Visitor: 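Before I ask anything, let me first share the structure, which is written out below as structure tokens.
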Amino acid sequence: MAGVAVSANRRIKPADWRSDRGRASVGAGWRGGVLVVGAALMLVVGLASLRFGSHPVSTSAVWQALTQYDPRNYDQAVVRSQRLPRTMIALGVGAALAVAGATMQAITRNPLASPSVLGVSSGASFAVVTAVFALGLTSVTQYVWFAFAGAVAASALVFASGSVGDRSGTPVRLTLAGVAISAMLSAWTSALLLVSKETYDQVRFWFAGSVAGRDLGTFLAVAPFLLIGVVACVLMAHQFNVLSMSEDAARALGMNTTRVRLIAAGFVVILTGASVSVTGPIAFVGLAVPHMVRSLVGADYRWVLPYCLVVGGIFLMAADLIGRLILPSGEIQAGIVTGLVGAPFLVYLARKRSVAT
Amino acid sequence: MATPGISPYPAARPGRRTLRRGPISARFNTRVLTLILVLTIVLLAVGVAAMMLGSLHIPASDVITSVFGHGTTQQEFVVRTLRLPRVLVAIMVGAALATSGAIFQGLVRNPLVSPDIIGIDAGANLFVTFWLVFGYAYRFVPVAAFAGAVSTAIMVYLLSLRGGIANDRLILIGIGVAAAAAALTTLIVVRAPIDAVRPAQIWSIGSVYGADWSDVRLMAVALGVLLALALALTWPMRVLQLGEDRARSLGLPVERLRLLVLLVGSALAAVAVAVAGPVGFVALMIPHIARLLAGPLTGMTLLLTGLLGGVFLLVADVVGQHVMPVSLPVGVLTSAIGAPYFLFLLFRSGKGRLA
């Protein structure tokens, strides 16, 4: 009895603040741990993406292709010239789109917001279709800089329209301007495609959104933009946390909400513009992955953004891999697979629990 | 959306008049009523103008006499068989889309919402693409479109039904289902030969070309029934906007009401898609414009929204047919005209009155 009393006393000693701190670090610990697991999963999926396809390759061949490349070996050539670019593109673009999507949802406080609301996808599409129509371009590599330019120009127009005189504080005008300009640009795009069947014949594949058929040089040219955008958004995570409280609370804490929004939106445009210019419009990743991540780790953007990076990369790599394996011959573009696979998952999430906004 | 102002003496607010005839009284907002009358006149004028233009130019007086059956045979053929149905269908499709958008935005209270948020356009597009690519008869495209729209909407409702249909869940599931339908459509589009895909691509832009009297009858019946239902539901919808708990405490059967409202909105959009294809932008933006002009949801603003939608679609079709260097379908014009005009309104309106 005395022993029990002693241990009871020990349990309620004031120095229990130490176990509180322990609990907090355990809280941080599980998120960190799962993130590490996620990163490892990313490597595993990447390896699978390099190994599998219409021509399966062994792990040792993959390793050799990466480290001691011998162009005469067919396996290694496949890995190096075809699968490595698409794996890296899927990883980079998936991460970029997911982070951009989470950022958009943070700055608009609207669960429906995705980067396409800023006019990026429609600007890129319009520029590509115009370029193919007017200049007769044929390869995806040629589209890239037109797409990027179109994306940035369209978003600039959206910012200009949506920010003028917007003193209400909420980004409703920005989103409405974005939706309006997107609709306008896609109408012009439809008009061009209606007039020229040849343009439509060429461009319909780009519209599906794919990571295949692009060379590594193209990706490396836009990779700096992806990197800058992702790093910047991750660094702004704390500000997103503040912003996701009400507008008044954020302002009362001294934040210049308009400036934060504009800067964040600028990085969203860079991320999404660079992504769309390489792969074409893959719309679902930016919307669904942040929701998936939030249901896993909660609403703290310091965790949501790194998780979006990892989960987005895994998501798009897996979509590409599935698209390669699922048909007996031929492939399904990654952009189609993300829609077909991601949508039921989003439906499942929306049904399972109250959705974190 | 702006909270409905509750004045202790509602009849005394400026612009509201009360009409009393014996035991019956009705309250009007004179500003909205004036707008409705003006728009009706504009509608008639634009309609006549639309029937005047074309490869056979018919003066206005002859248009009017032809409509009532007293013109020359040639004029009567052109006006009554070709142009009048197209004008009527354009007006009714525009009205249906705008009203549907107003209903959805009123119910879901998110300014980005439109009927295609629950996958109606995407579902119709999928069914029609499948139908046309696999070579079935073009005559049944409206049936395929309606079937696609309705089945997608039902699937979204069933999936979001979990002791009622919560807004956030409905929207997310709608986006998911629409994305899946769009992915399937893209799959067909990239794997089929271009000549098989082309008719489906053209349909998916939205057009009133080739509208005939059977379309007019269908739209008239549907619009008549559904618009009447929508008007009857405006007051309950207004109460719903106060919040579900308050509505319930006022005695409204909230869940059944929400479902009914959603059904009416979806049916309006589905019929419009069946007749004209997925015409974009009208359902999203016209309710915003109507709200800017007339304020929050009432029976009269709903009528105004419908009228605005009808006028807008008609003007878009006229511009697409006669003003553009190439004849363009109305689906292109609604966004091409609507967006700049909407941006102009955004500039002018100042803050706050849009959501």
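Please read all numbers here as calculations on a predicted model, not as lab measurements. Quick note on labels: first sequence line is chain A, next is B, and so on, each numbered from 1.
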Visitor: Taking all non-hydrogen atoms of both residues, which atom of B:Ala180 and which atom of A:Ala343 are closest, and how far apart?
Guide: CB-CB, 3.7 Å
Visitor: Drop me the distance from A:Ser186's OG to B:Ile205's CD1, to the nearest 0.5 angstrom.
Guide: 10.0 Å
Visitor: Run the ring pair (Phe, Tyr, Trp, His ring centres under 6.0 Å) test against B:Phe104 and tell me which residues pass, sequence neighbours left out.
Guide: none
Visitor: Which bit of B:Val197 comes within less than 4.5 Å of chain A, counting heavy atoms only: side chain, backbone, both or neither?
Guide: side chain
Visitor: Only counting residues at least two apart or in another chain, list the ones meeting salt bridge (charged side-chain N to carboxylate O under 4.0 Å, His left out) with A:Arg86.
Guide: A:Asp320, A:Glu331
Visitor: Would a distance-only check, ignoring hydrogens and angles, find a side-chain to backbone donor-acceptor pair under 3.5 Å from B:Arg169 to A:Val347?
Guide: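 Not confirmed, B:Arg169 side chain does not pair with A:Val347 backbone.
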Visitor: Which residue out of A:Leu340, A:Val337, A:Asp201, A:Thr338 racks up the most heavy-atom pairs below 4.5 Å with chain B?
Guide: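 Of A:Leu340, A:Val337, A:Asp201, A:Thr338, A:Asp201 has the most heavy-atom pairs under 4.5 Å with chain B.
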Visitor: What part of A:Phe284 gets within 4.5 angstrom of chain B, counting heavy atoms only: side chain, backbone, both, or neither?
Guide: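 Contact with chain B: side chain only.
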Visitor: Of all residues at least two apart in sequence or in a different chain, which pass the ring pair (Phe, Tyr, Trp, His ring centres under 6.0 Å) check with B:Phe130?
Guide: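 With neighbours one apart ignored, the set is B:Phe134.
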Visitor: Among A:Phe345, A:Trp188, A:Tyr200, which has the most heavy-atom pairs under 4.5 Å with chain B?
Guide: A:Tyr200
Visitor: Drop me the distance from B:Leu172's CG to A:Arg351's CZ, to the nearest 0.5 angstrom.
Guide: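 Between B:Leu172 CG and A:Arg351 CZ, I get 13.0 Å after rounding to 0.5 Å.
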Visitor: Inspect the surroundings of CG in A:Leu327 and state if more than 12 heavy atoms from other residues, nucleotides or ligands are less than 6.0 Å away.
Guide: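 Yes.
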Visitor: Which atoms of B:Ile202 come close to chain A, meaning under 4.5 Å heavy atom to heavy atom: side chain ones, backbone ones, both, or neither?
Guide: both
Visitor: How about CH2 on B:Trp131, more than 12 heavy atoms from neighbouring residues, nucleotides or ligands closer than 6.0 Å, or not?
Guide: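 Count over threshold, so yes.
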Visitor: Looking only at heavy atoms, what is the nearest atom pair of A:Ala183 and B:Phe281, with distance?
Guide: CB-CD1, 3.2 Å
Visitor: Between B:Leu161 and chain A, with a heavy-atom cut-off of 4.5 Å, which part of the residue counts as in contact: side chain, backbone, both or neither?
Guide: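 Only the backbone of B:Leu161 comes within 4.5 Å of chain A.
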Visitor: Please rank B:Gly174, B:Gly338, B:Ala336 by heavy-atom pairs under 4.5 Å with chain A and give me the top one.
Guide: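 Sorted descending by pairs with chain A, the first entry is B:Ala336.
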Visitor: Is chain B contacted by the side chain of A:Leu193, its backbone, both, or neither, given a heavy-atom distance below 4.5 Å?
Guide: both
Visitor: Hey, does B:Ile194 have a side-chain heavy atom less than 4.5 Å from the side chain of A:Glu198?
Guide: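 No, side chains not in contact.
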Visitor: Sort B:Leu328 into side chain, backbone, both or neither according to what part of it lies under 4.5 angstrom from a heavy atom of chain A.
Guide: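 Side chain of B:Leu328 only, per the 4.5 Å heavy-atom cut-off to chain A.
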Visitor: Output the residues of residues 182-193 of chain B for which the shortest heavy-atom distance to chain A is under 4.5 Å, in residue-number order; output 'none' if no such residue exists.
Guide: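 When heavy atoms of chain A are the reference, residues 182-193 of chain B contributes B:Ala183, B:Leu184, B:Thr186, B:Leu187, B:Val189, B:Val190, B:Arg191, B:Ala192, B:Pro193 within the under-4.5 Å range.
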